[in-house]
Each structure stands twice: as C-alpha cells, then as structure tokens.
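A short worksheet on the structure shown next.
Bear in mind that the values here come from a model prediction, so they are computed numbers and not experimental data.
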Amino acid sequence: MPEPVVVDRVTKRFSGHTAVDGLSLTVPSGLIYGLLGPNGAGKTTTLRMIMDIYEPDGGSIRLFDQVGGGRIHSARIGYLPEERGLYPRMRVLDVLVFLAEAKGVSRRAARVKALEWLERLGLADWRLRKVSDLSKGMQQKVQFISTVLHDPDLVILDEPFSGLDPVNSQVLRDTVVDYRRRGKTVLFSTHIMEHAEKLCDRLCIIARGKKLIDGTLAEVKHTHGGKHVIVAFDGSQGNARQIFADRQLVAKLQDFGQQAELELAPGADAQAILKALVNSGARLARFELASPSLHKIFVDLVGPEAATAAASGAGGANGGANA
Amino acid sequence: MHKVWAVVRREFVERVRTRWFWVSAILGPVLFAGIIVFQIVQSMGGAVRNVAVVDSTTDKLGPQVVDALDASGSFRATLAPAGPGVIDSLSNLVESKQLNGFLIITDDLVQTGRAEYQASNLGMQTIESLQRTLGKLVVKARLEQRGVNPGVVDWAQIRIALDQKKISHGKAVSDSATQSFFMAYFMAILLFMAILLYGVNVMSSVLEEKTTRIIEVLVSSIRPFQLMLGKILGAGSVSFFQFVIWGVSARVLLSLRGPIARALGADPASVQTMVLPHIPAATLAVFIAFFLGGFLLYSAMFAAVGAMSSNEQEARQAQQPVTYLLMVSYLSILGLTNDPSSTFARTLSLVPFTTPIATPVRWTAGSMPTWELVLSLVILAIGIVAVTWIAARIYRVGILMTGKRPTMKELVRWVRTA
C-alpha cells in the first residue's frame, strides 16, 4: 500500500511571515503518526494544506500516491479540524448525513452509518433534535462521528484532545487505537507530549515551520536518549554533589533531593559515575540508564520558552491571525 | 456534481423548514385575499344608494335631480320638500340606516354650482357620481337661462368612450394604461424584494458556516466555488418555490372570487366584471429570466460580502454598497414606469446592475424592441459571469479568514492572487 501522506518540501507564507518552511514528512500506512510542535509551529497550516484548505506556495503533497490534497480523496479521509463547529440549527442526523454527502458518500449509506454511530455513542434519542439543544460533550461526539462516519482509510485530527471531556477523550483514544488495529492510518497534531508518547508509532517535531526531528518513537528516543541517568539515594549520598558538578561527567543536572536526573557529558561513561558514587560511600536505591521522556526531548529541541508556552497552552499565534 | 446537489438540498430544506418561510408563504395569499375582498366590498359600495333630495330651489329643480339620479342607476332618490325640521328627521333616517344620505339643493346650485350632501359614508364613487349627475343638470339649466333650446342641450351632451389600446411589439392590444402601469410597478417591487431578501439569505448562510467554523470541513471536501454555487442555487430555488406558492394560491383565490363574493353578500356576477391583470406568456418569461439573472448577479455579491465579514454586524455594514446598487433600480421604478422609452430608462436597462429590474419594467410598461431585450440579456449574462468570477475569488479567500474586515486594497489582492 502506498504511503497515505507524503509532504515534500512544502512552504506556506502568510503576508510576510512563513508559517511552514520547506517541510517534508511521510506518513506510512497503518500507523499512528504524531505531528508535534509548540503553538504557532505550523502544525495546523500543514494539516490544512494536506486537506486542500490552503494551497502550498511551494513543494508538493501526495495523498494515496496521487498528486494533490485531500479534496479528491475526501471519501477516504476523515478530518477533525482544530476549531470545531456544526450547524447549530440543523438536526443532528441531518448534519451527519450532509457532511458525509459533502465528502461524496451516498445519502442512503450516510444515513445508515449515522444511525449506527449515534446508537453506538448513546445519542440515538437525540437524532431529531437540533444541534444547539445538545450539551457540549454531546456535540463533540457528533463532530467526532462526522469525522469517522464514512470509515476513512486516513484520519487526520488537529489537536483532537483539546477541549474534550475525559469521557470523550477516552472514546477518541479507543477509536484511534482501534483504527490502527484495523490497518488504517491516523495523523494527528498535538502540543501535549503525554498524548503523543502514549499513542504515536512515528512522530515528527516541528517548530517555526521547520522539521526538527522525525522517526519512530524508539528512534527519536535513541537519537536523543541513552545519555540519561536517574539516580535515587537510600540514605547516605556520599559526595554525590561533587561528582555531579564534574562537567567532564555530567552535562546537565536536575536535582530532586533524594533523586536526580543526569544528562551525561559527551564521551562520559555512566559506569564511571556509578563507580565514583559507590566509592564515595553513597547508598543507591536506583541507578538507571533511562531514555528521556518525549517531553524532555521536546523541551531540549524547541527551547524552554516555546515549550513552556506549549505546555501551558498559551500563545495562540497560530490560527486566524496568520490565515 | 453530487456534492453541489447536497449543498443545494441542504440550503433548500433548511430554509423551507424555518418559520419565516411559511410566514411569508402564507402572508402572500392572505394579502391577495385581502385585495379581492377589498375589491368586492368596493363594488358593493357602488351599489344603489338611497338618497333624499331636499329641494329649496325657486325653479323647483328637485324633481329633475331625482329623475337624473334615478336614471344614473347608482341612486334611488326621493324628493323631500324643504321645511323646518326636515334636516333633523332625515339625519335620523340616516342614523337608523334607512337612508344612505341626503342632498340639499338651493338656488346656489345653478348660480354658483354649490350643493350639500350629508351621509353616513362619503365614498369616492358616490361623490363623483353625484357631481357628474348634478353637473349635467346645472349646465343644462344655465344654458336654458340664456335661451338655448333644451333639445339642443340634450343633443350636445354626449359621453366620450375612450377605447384604450396599448401598442406592444407592433400590435395594438386592448389594455388599459393604468393596468400595465400597475403591473410593471408591482413586478418591479416583487423583483426588488425577492432579490434583496434571498440575496441576504445567501449572505447569512455563508456567514453562518464561517462563524461556526464548519467551513473548514466543507472546504476540505467541496471546492469553494461549488459550495458558493450550491448556496446560491439553493437559496434561489427557495425563492422560486415561494413564488410558486404565491402564484398557485393567487390562481386558486381568483377562481374562488364568486363564492367569496356570495359569502360577503355581494352579487357574484359583479365580481366577474372585475378586470383581471392579464399576464402574457412573453412577459412572464421575461420576468422569470430577469429574476433569475438578477438573483444570480446579486447573490454572488452577497456571498462575497458574507465571506469577507466575520459577524452579523460587519456583514450589515459590508452589504451596504450592494444594497445601494439595488436601491438605484428601486428608486427609479417610478421614472421607468412613467416613461419607459426615455434615455434614462434605456441606460438603466443596459447596465448589468440595474437591468434585472429596469428591463422587465420597460417590457411590461411599454414597448421595448426585441433587440434591446436581447442586448439587455446578453449584458446581464456577461455581468453575471464577471461578478461571479470576482465574487468566487473573494469568497475563496474570505471564508477562511478571521479577524478584521479586509480593506479595499486587500480585496483587490485577494481577487488577483486567489
């Protein structure tokens, strides 16, 4: 099966500022692919270009081995935009059928599927009610149904977890995992690394419109990992502080008192630190060569300011202002 | 094509489901029924009226007035000799509805042309009929005073029957001037209202998709032009449906005029003489063609306005230039109907923005050469293509924009780069 998504050196500029700058990425079939980056990194713009909402200023996009964006494949793609919305005055069932028809699904098939999904998510009794009568959580479910109703081969989710209540978060996670199990492809963007770490098979981290790293989760961790050591003490710490302060051995230190997370200096050997600690009389509860959390890698790559902005969800430089 | 059709159907179904659609669908026939009832009541007002003639002339003109009034067919007159208290007793009779009114004539009638009429109801038709009848008598009496032979006077007084015919496309057609005037006027108003109302519908529909952000999902599966086209066609078919409802109900109500008249206690036969506005097939075709053309032209502009605004308030402001364009035609309707072949009228029917209203008015109100009609249509078609092309570009960029309204310069850039 050809790659569902191939983005090749794509650039997008908005009146004076470059939102996406020569970005390339390939989403293989049957995986969950995470597009990670702080706010304003160009995630939404990239997804919008893939979905044919924006036209790239440079580069090309291939979907299912065909040049062009998502519009011609709309029946095979489910897209959940970052800013969600439904027709508030339409009936729930009508909205679902219309949105499916807009993707090229036949009216009859759309109706059957919509009723099935409403039943599955416990909204069957609401099918003839207006969307505006539904609670926010229920509207999220309807929006979600509209994304997957036509059983797409590729699902593109832009910040899918933002604003979701815990129940809907779980529904979404289950469905994403279920999709991969059935050999479908999921591409989603997020700035919350915990989500990415739990779900992604492959990922790509971007900032300021450029790719910083991509690969499988293991590859990314390997490239940036293996140099981390977690030390936990059991009573005496010996002259651990002195050893940690040695720049020949330790490049960075996060000291938590009874526990510390070290990043080894280039060329340093973890075993040398262990030996030095034991010799100094420190009692160790734990000495672990750890792979760093995705969050740690992310912070290292994009810089603390951007990462802080991302983690707190502040910023919002993306979206309308540059559209 | 399937996708455009889905958009058209959604627009249509959602509009037709609104309360407002049915309110105006019902309001039309109600208004029309009102007009019919009004006409019937008016024709009843023209029925025979009981009047008394209080005669205090020295020449005893009273019997002549009574005869003349009876002869007019509109009155049943009785003579009441003048005397003390007669006015009061007649007033009582009017009060108790035994009498419609009474006429007081004195020597002033012949000398200065003055008389007095008192009645419970002063209808235009009654007054005119009284004036006409008295006028003839007074002319006769005054001429006789100067020694003119009464026979000559009678012979001299004849009524002119003006046979009114309209020259339409080289053929004389029986038609009354007022009728074609009103028809043209009515059509122009109808066109103006329909284009404005349903054009604004397109705008608010575009705006809704923008403010609810549903546009993003739509644009990822439907081309913006298809979406715009679907919206315009959808809103257009709603207005067409509305017209069909009005037309059919008008037709039904017209055929029910007899029973309605009977129910109101009027003579059904009198209703049949009511002049029906006869709409020739050609006029109807012109009307429909220019309505559709005008609607396409203006709703494309309204769609662009909706796309460039981000809330209702902005849209209201941004729609003003478009509404003004439409107002130009609206404000010139009177001028158009009064002189359909003036240079002013010709000019308006050759400008794409005014031709949708100006041309049907000229066609209905008076003669318009076929070649001019064809030219107007061609100009309108070119206008539609050009305006839609520009509007589609503004629409394409605008629907994904949020934030402040674009300036004129930015709009030009959108059109150039989209």
Taking all atoms of both residues into account, what is the closest heavy-atom pair of A/Lys103 and B/Val217, and its distance? NZ-CG1, 4.4 Å

Given a strict heavy-atom distance threshold of 4.5 Å, which part of [X] is in contact with chain B: side chain, backbone, both, or neither?
{"X": "A/Leu99", "value": "side chain"}
{"X": "A/Tyr87", "value": "both"}
{"X": "A/Arg84", "value": "backbone"}
{"X": "A/Val105", "value": "backbone"}

Looking only at heavy atoms, which of residues 7-16 of chain B get nearer than 4.5 Å to chain A? B/Val7, B/Arg9, B/Arg10, B/Glu14

Quick one: which residues of residues 223-247 of chain B reach chain A at under 4.5 angstrom, heavy atoms only? B/Arg223, B/Pro224

Could you tell me the separation between the [atom1] atom of [X] and the [atom2] atom of [Y], rounded to the nearest 0.5 Å?
{"X": "B/Thr212", "Y": "A/Met90", "atom1": "OG1", "atom2": "CE", "value": "11.0 Å"}
{"X": "A/Arg107", "Y": "B/His2", "atom1": "CZ", "atom2": "NE2", "value": "9.0 Å"}
{"X": "A/Arg48", "Y": "B/Ser220", "atom1": "CZ", "atom2": "OG", "value": "11.0 Å"}

I'd like to know which of A/Ala102, A/Ser74, A/Gly85, A/Pro81 tops the heavy-atom pair count under 4.5 Å against chain B. A/Ala102

Using a 4.5 angstrom heavy-atom cutoff, name the option from A/Ile53, A/Asp52, A/Ile50 with the most pairs to chain B. A/Ile53

Close side-chain approach of A/Phe98 to B/Leu218, heavy-atom, < 4.5 Å: yes

Find out whether A/Asp94 and B/Arg17 are in side-chain contact, i.e. whether some heavy atom of one side chain is under 4.5 Å from a heavy atom of the other. yes

Can you tell me which portion of B/Ile222 sits under 4.5 Å from chain A's heavy atoms? Options are side chain, backbone, both or neither. both

Which of the residues B/Glu208, B/Lys3, B/Glu216 is involved in the greatest number of heavy-atom pairs with chain A at under 4.5 angstrom? B/Glu216

